[in-house]
Amino acid sequence: MNYSHSIFLRNVFLVLPAAFFGYAHAGGFGLIDMSAASLGNAHAGGAALAEDASTIYYNPAGLMRLPGRQFTLAGTAIRPSAKFANQGSLSAVGTPLTGGNGGDAGAWAGVPGLFYAMDAAPNLRFGLGVHVPFGLKTEYDEGWVGRYQALKSELKTINVNPVLGYRISDAVFIGGGLSAQYADVNISSAIDFGTVCVGSPLGAATCAPLGFLPQQKDGLVKIDGTDWGYGFNLGAMFTPSNTMRYGITYRSKISHELSGGNARFSLPVGLPAPLAASPNFSDTGVKASVDLPESINLSGYADVDPVWSVMGDINWVRWSRFEELRVRRANGATDFATPEKWRDTWRVSAAVNYHYNDEWKFRGGLAYDQTPVKDEFRTARIPDSDRTWLAFGAQYKPSKQGTWDVGYAHLFIKDSTLNKADPPIGGTLIGKYSNDVNLFSVQYNYAF
């Protein structure tokens, strides 16, 4: 493989993992905030609560606890913060990488959730959910020290989830549904054409007089693409008494094939003709296959007395599917494989509700959420680390038909280090991340 060919592969394919691994607030890159009520409990007891139509996502079996027709509309504002501190990053030739720390790579994002439930037949209920299971965005300042490894990473998804719930007995409910998931990707990174030129057969004698020296002439590569993927979810709920219930859910993997993707290049003015004309820096189609992992959730709920309720939750996600990400070019060039080496994760949470009166209920919860990212494989696109949740919420019921819920959570994220080498021209990005996340959610439920 020649030098310019390897540079092309590095710049085009290194950014592609962000198509599915953009920064998000759950472990890895997932979003689980489909309900303000659930957020107020740090999502403890999600598969057992079934208080409103958002149970379509958390456990479709919970539909059988909802009378008549139910409508739930939720919106969550998420503000992740990801701040990098450079600690001696080096270029490909061993000199210091220039540029600032990139500012705050986090940005506000809105996550909607829409759910509807109704009777379909005796002992059978139908539900439809539209929600956002993955997404958010990171964007660093132009010219930051890690620009050759990451600039912008944005992923938007929409999941359409019709489900059915069935009553086996007064104590046992089951449910299941299908998921159709749409993904829209936009990502970018800089290209050090100074290093490209000097390291090419043209050499420094040709490139230096033109100003093409390392870190002096940057270009840009952008990746965009869309895809539909399909999966399913299953659930069961057990109610041994009027004051206690348990739920278990399974969400399948969803395979995405980014088959309609494109790579687009912006070249610096004055780039020598042999490089400007190279197909390695020409716009082209790209493909990437990714399996979003399956998960299992086990929840419990109990009324301690007429005023207090407690909830608990254990969640497992099979992130170890991500051994590597293999990407293919439309022109038939050699595949590029990015090692991921992610690990399976556990999330545990506990919560309490206080029923003040018939109109007001107050919530609180704690959770611990593992990251699937191993320290040695952390990147600027995924500065993920273990996080602890502290959440609060309240419900106001102005009428028999309608309720309002609000929820807030702060995620304390463990500081993480980064030492990422990116040959042949990206250098080595060395530093430390300080991250946190704030979430605000509002929800309206109506029964009719």
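Positions are given from 1, in the same order as the sequence printed here.
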side-chain contact (heavy atoms from CB on, under 4.5 Å) assessment of F71 paired with N445: CA-CA 6 Å; F71 172 80; N445 312 296; over 6 Å; no
Ring pair (Phe, Tyr, Trp, His ring centres under 6.0 Å) partners of Y444, counting only residues at least two apart: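 Listed in chain order: W404.
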Residues N161, R251; criterion side-chain contact (heavy atoms from CB on, under 4.5 Å); working and verdict: CA-CA 11 Å; N161 187 196; R251 300 194 71 88; 3.8 Å; yes
Residue among I248, D313, T249 satisfying side chain to side chain contact (heavy atoms under 4.5 Å, CB included) with S299: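 Considering I248, D313, T249, a side chain to side chain contact (heavy atoms under 4.5 Å, CB included) with S299 is found only for D313.
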Sidechain N-carboxylate O distance under 4.0 Å for R347, D369: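 Judged by the 4.0 Å cut-off on N to carboxylate O distance, R347 and D369 do form a salt bridge.
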Electrostatic pair K152-E154, nearest N-O below 4.0 angstrom: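 Here K152 pairs with E154 in a salt bridge, since their nearest N and O are under 4.0 Å apart.
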Side-chain donor-acceptor pair present, D384, T371, cut-off under 3.5 Å: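 Indeed, the side chains of D384 and T371 share at least one donor-acceptor pair under 3.5 Å.
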Ring centers of [X], [Y] separated by less than 6.0 Å:
| X | Y | result |
| --- | --- | --- |
| H410 | W389 | no |
| W144 | F84 | yes |
| F193 | F281 | yes |

Geometric class of the Y408/F440 ring pair [parallel <30°, tilted 30-60°, perpendicular >60°]: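 Because their plane-to-plane angle lies in the 30° to 60° range, the rings of F440 and Y408 count as tilted.
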Pairing residues for K432 by the salt bridge (Lys or Arg N to Asp or Glu O under 4.0 Å) criterion, not counting sequence neighbours: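 Partners of K432 under the salt bridge (Lys or Arg N to Asp or Glu O under 4.0 Å) test: D415.
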Heavy-atom side-chain proximity of [X] to [Y] below 4.5 angstrom:
| X | Y | result |
| --- | --- | --- |
| K287 | E257 | yes |
| S189 | V221 | yes |
| L292 | H256 | yes |

Verdict with supporting geometry, I191 and F265, side-chain contact (heavy atoms from CB on, under 4.5 Å): CA-CA 9 Å; I191 305 172; F265 292 86; 3.7 Å; yes
Criterion side-chain hydrogen bond (donor to acceptor under 3.5 Å, both in side chains) on T98 and Q215, from CA distance to verdict: CA-CA 8 Å; T98 61; Q215 301 189 70; 2.9 Å; yes
Residues in side chain to side chain contact (heavy atoms under 4.5 Å, CB included) contact with Y230, at least two apart in sequence or another chain: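 With neighbours one apart ignored, the set is A180, W228.
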